[in-house]
Amino acid sequence: MKLEASGRPFAVCGDELCCVGGGSSVELRSLAQEYGTPLYVYSGDQIVERARMFQNAFADRAHTVCYAVKANSALGILRLLGDQGCGFDIVSGGELARVIAAAGPERAHEWTGRVVFSGVGKTAEEMDSALAAGILQFNVESEAELELLAERAELLQRKARFALRVNPDVFAETHPYISTGLSAHKFGIAIGLARGVYARFREHAWLEATGVSVHIGSQIRQVEPFQAAMERVVALVRELRADGANIRTVDGGGGLGIEYGAEEFSPAAKVCAYANAVRAALGDLDAHLLIEPGRFLVGQAGALVSRVLYTKRNGEKKFVITDAAMNDLIRPALYQAHHEIVPVMQVADAEAETVDVVGPVCESGDFFARDRSLPELEQGDLVALLDAGAYGLSLSSNYNTRLRPAEVLVRSGEAKLIRRRETYEELFAPEMV
Ligand SMILES: *Cc1c(COP(=O)(O)O)cnc(C)c1O
């Protein structure tokens with residue numbers, strides 16, 4: 001695999017794998033030595049570069065890139081993107097609290113003003129905190145939710161700006177667990193019913209319909225579904241305006257996919273194609289565009305660095321047992337996801353062998369790769385699981401009472417610990433005996 005042509009910020013320097021960016025490089029081996037393993041390493045340079053790609057691609061129209069916090073909610077990454085002018089797409093009160101913490105007291109108000117709140121099950125408490133924070137808009141997913149939002153807004157005497165998240169019934173090829181844009185999915189309000197819902201709440205004193213939103217799923221590699229969905233949204237916006245609604249934002253959601261395999265990949269070309277598709281659908285519509293990329297900003301920027309604890313043979317099969325496990329990175333177990341695995345020390349002419357790479361957790365689903373051809377690995381070797389920046393630590397758990405990994409953010413050759421490893425005391429702290 002040619003790492004340089006794959007859009008990843010990891011490359012071989014000398015005889016070892018480094019995190020590269022901003023004209024500098026940092027050896028993963030030295031980070032593993034300093035911070036221990038398993039360890040998430042992110043290229044801050046790449047995250048910033050990706051955000052700029054979207055911002056530049058839409059520079060000719062009013063827009064805000066609202067980073068989908070659930071992809072990786074590290075405060076250090078939120079800070080980086082907020083500083084870059086990004087807004088945030090949140091799905092819980094916890095994520096709102098993260099945005100506020102990342103912003104700091106001085107900028108909390110400014111940053112929450114760029115927050116959109118998505119999700120099918122917002123609670124009254126979550127609505128209250130978002131109303132108090134003065135977020136940009138609620139992306140509402142049902143009529144019942146809109147009724148509750150109206151109640152809370154009236155109670156707090158704070159007007160709630162909202163968009164309906166419409167379900168455009170557009171098919172996008174991706175894993176069934178992360179596809180959301182078909183009427184069979186739990187997300188959004190059927191687009192055919194949306195106009196009636198907007199009409200029903202038009203006169204409400206504490207609600208203001210400011211937008212229409214859509215999100216069709218995740219890890220979508222084609223750009224046509226984004227265009228198809230946006231075309232339906234634009235048609236709806238025109239109808240709503242004809243009905244007298246003051247619709248100012250259109251939210252295209254997130255979901256643009258990255259390359260997890262060994263194919264060449266140009267992120268800049270992908271963003272360009274995506275922007276052209278969205279722009280074609282928008283046409284001359286005068287509205288502030290919101291987009292909510294998550295994975296595309298942070299996915300390829302991250303690697304999970306892990307040490308080989310043991311190797312062993314069971315009959316025909318050879319197993320490489322790493323100190324990282326499904327609790328640290330669940331994508332292979334949950335979505336049958338593929339992650340490239342690269343030895344940190346590159347041995348010239350290393351023999352390839354076919355192995356299963358597995359973690360120590362007591363589940364047969366705890367694997368990172370099956371029947372994978374890799375250079376021969378030995379006890380004590382370091383490996384990097386690539387493209388682990390999105391839905392890695394944010395989907396991690398303490399299963400098997402394992403401490404979650406530390407996280408390091410690299411910018412221009414400087415590594416910064418943005419999350420230290422947990423302690424057992426912290427894990428038990430909420431418990432009582
Ligand atoms: C998860 C999610 C996103 C981000 O999806 P990515 O595939 O990570 O880009 C954006 N918007 C909404 C509403 C989401 O649920």
Check against side chain to side chain donor-acceptor pair (under 3.5 Å), Asn72 and Tyr42: CA-CA 11 Å; Asn72 188 322; Tyr42 309 113; 3.2 Å; yes
Could I get the full list of side chain to side chain contact (heavy atoms under 4.5 Å, CB included) partners for Asp45, not counting sequence neighbours?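 Partners of Asp45 under the side chain to side chain contact (heavy atoms under 4.5 Å, CB included) test: Ser43, Arg411, Ser412.
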Quick one: closest heavy-atom pair of [X] and [Y], and the distance?
X: Phe368; Y: Ala324; result: CE1-O, 3.3 Å
X: Thr64; Y: Gly87; result: CG2-N, 3.8 Å
X: Ser92; Y: Phe117; result: N-CE2, 3.5 Å
X: Phe226; Y: Gly254; result: CE2-O, 3.3 Å
X: Glu376; Y: Asp381; result: O-OD2, 4.4 Å
X: Glu141; Y: Phe187; result: OE1-CA, 3.5 Å

As a quick check of understanding, evaluate side chain to side chain donor-acceptor pair (under 3.5 Å) for Arg372 and His338, giving each step before the final call. CA-CA 10 Å; Arg372 183 79 61 88; His338 175 95; 3.3 Å; yes
Indicate yes or no for a side-chain donor-acceptor contact from [X] to the backbone of [Y] under 3.5 Å, with no hydrogens or angles considered.
X: Arg331; Y: His339; result: no
X: Arg307; Y: Gly36; result: no
X: Ser306; Y: Leu382; result: no
X: Arg98; Y: Ser73; result: yes
X: Asp89; Y: Tyr67; result: no
X: Lys270; Y: Gly257; result: no

Under 4.0 Å between a side-chain nitrogen and a carboxylate oxygen: does that hold for Arg165 and Glu145? no
Salt-bridge contact Asp169-Arg232 (side-chain N to carboxylate O under 4.0 Å):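 The answer is no: the pair does not qualify as a salt bridge.
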Would you say the rings of Phe296 and Phe54 are close, in the sense that their centroids are separated by under 6.0 Å?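 Phe54 vs Phe296: aromatic centres under 6.0 Å.
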Using residues 383-395 as the side-chain source, report each donor-acceptor pair under 3.5 Å to any protein atom, sequence neighbours left out, with the distance given to one decimal.
| residue | atom | partner | partner atom | Å |
| --- | --- | --- | --- | --- |
| Asp387 | OD1 | Arg8 | NE | 2.9 |
| Asp387 | OD2 | Arg8 | NE | 3.1 |
| Asp387 | OD2 | Arg8 | NH2 | 2.8 |
| Ser394 | OG | Lys70 | O | 2.7 |
| Ser394 | OG | Ala71 | O | 3.1 |

Under the salt bridge (charged side-chain N to carboxylate O under 4.0 Å, His left out) rule, collect the residues that match up with Glu224, sequence neighbours excluded.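 Partners of Glu224 under the salt bridge (charged side-chain N to carboxylate O under 4.0 Å, His left out) test: none.
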Would you check if [X] and [Y] make a side-chain contact, meaning some heavy-atom pair closer than 4.5 Å?
X: Leu236; Y: Val233; value: no
X: Gln300; Y: Phe265; value: yes
X: Gln55; Y: Cys86; value: yes
X: Asn398; Y: Arg404; value: yes
X: Glu259; Y: Ser6; value: no
X: Tyr424; Y: Leu403; value: yes
X: His63; Y: Ile291; value: no

Not counting sequence neighbours, list each pair that qualifies as a side chain to side chain donor-acceptor pair (under 3.5 Å) and has a residue in residues 101-110. Asp83-Arg107, Glu110-Arg114
For the atom pair [atom1] ([X]) and [atom2] ([Y]), what is the distance rounded to the nearest 0.5 Å?
X: Tyr35; Y: Glu407; atom1: OH; atom2: CD; answer: 13.0 Å
X: Arg152; Y: Leu156; atom1: CZ; atom2: CG; answer: 7.0 Å
X: Ser396; Y: Asp328; atom1: OG; atom2: CG; answer: 7.0 Å
X: Glu27; Y: Asp15; atom1: CD; atom2: CG; answer: 9.5 Å
X: His215; Y: Ser118; atom1: NE2; atom2: OG; answer: 8.0 Å
X: Phe162; Y: Leu146; atom1: CZ; atom2: CG; answer: 4.5 Å

Step by step, work out the salt bridge (Lys or Arg N to Asp or Glu O under 4.0 Å) result for Glu426 and Arg420. CA-CA 12 Å; Glu426 286 169 325; Arg420 61 167 174 74; 2.6 Å; yes
Criterion side chain to side chain donor-acceptor pair (under 3.5 Å) on Tyr260 and Gln219, from CA distance to verdict: CA-CA 10 Å; Tyr260 280 98; Gln219 185 50 16; 4.9 Å; no
Determine, stepwise, if the pair Lys318 / Thr354 fulfils side chain to side chain contact (heavy atoms under 4.5 Å, CB included). CA-CA 7 Å; Lys318 181 173 171 186; Thr354 300; over 6 Å; no
Looking only at side-chain N and O atoms, does Gln137 offer a donor or acceptor that is under 3.5 Å from a partner on Asn139? yes
Show your reasoning for whether side chain to side chain contact (heavy atoms under 4.5 Å, CB included) applies to Asn400 and Asn327. CA-CA 8 Å; Asn400 279 209; Asn327 73 293; over 6 Å; no
With sequence neighbours excluded, residues passing side chain to side chain donor-acceptor pair (under 3.5 Å) with Asp60: Arg279
Set out, in order, the CA-CA distance, both residues' side-chain angles and the distance that settles side chain to side chain contact (heavy atoms under 4.5 Å, CB included) for Leu96 and Phe88, then state yes or no. CA-CA 9 Å; Leu96 177 63; Phe88 302 94; over 6 Å; no
Please collect all disulfide (SG to SG under 2.5 Å) contacts where either partner lies in residues 5-55, sequence neighbours excluded, each pair once.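 For residues 5-55, and leaving out neighbouring residues, the disulfide (SG to SG under 2.5 Å) pairs sorted by first residue read Cys13-Cys18.
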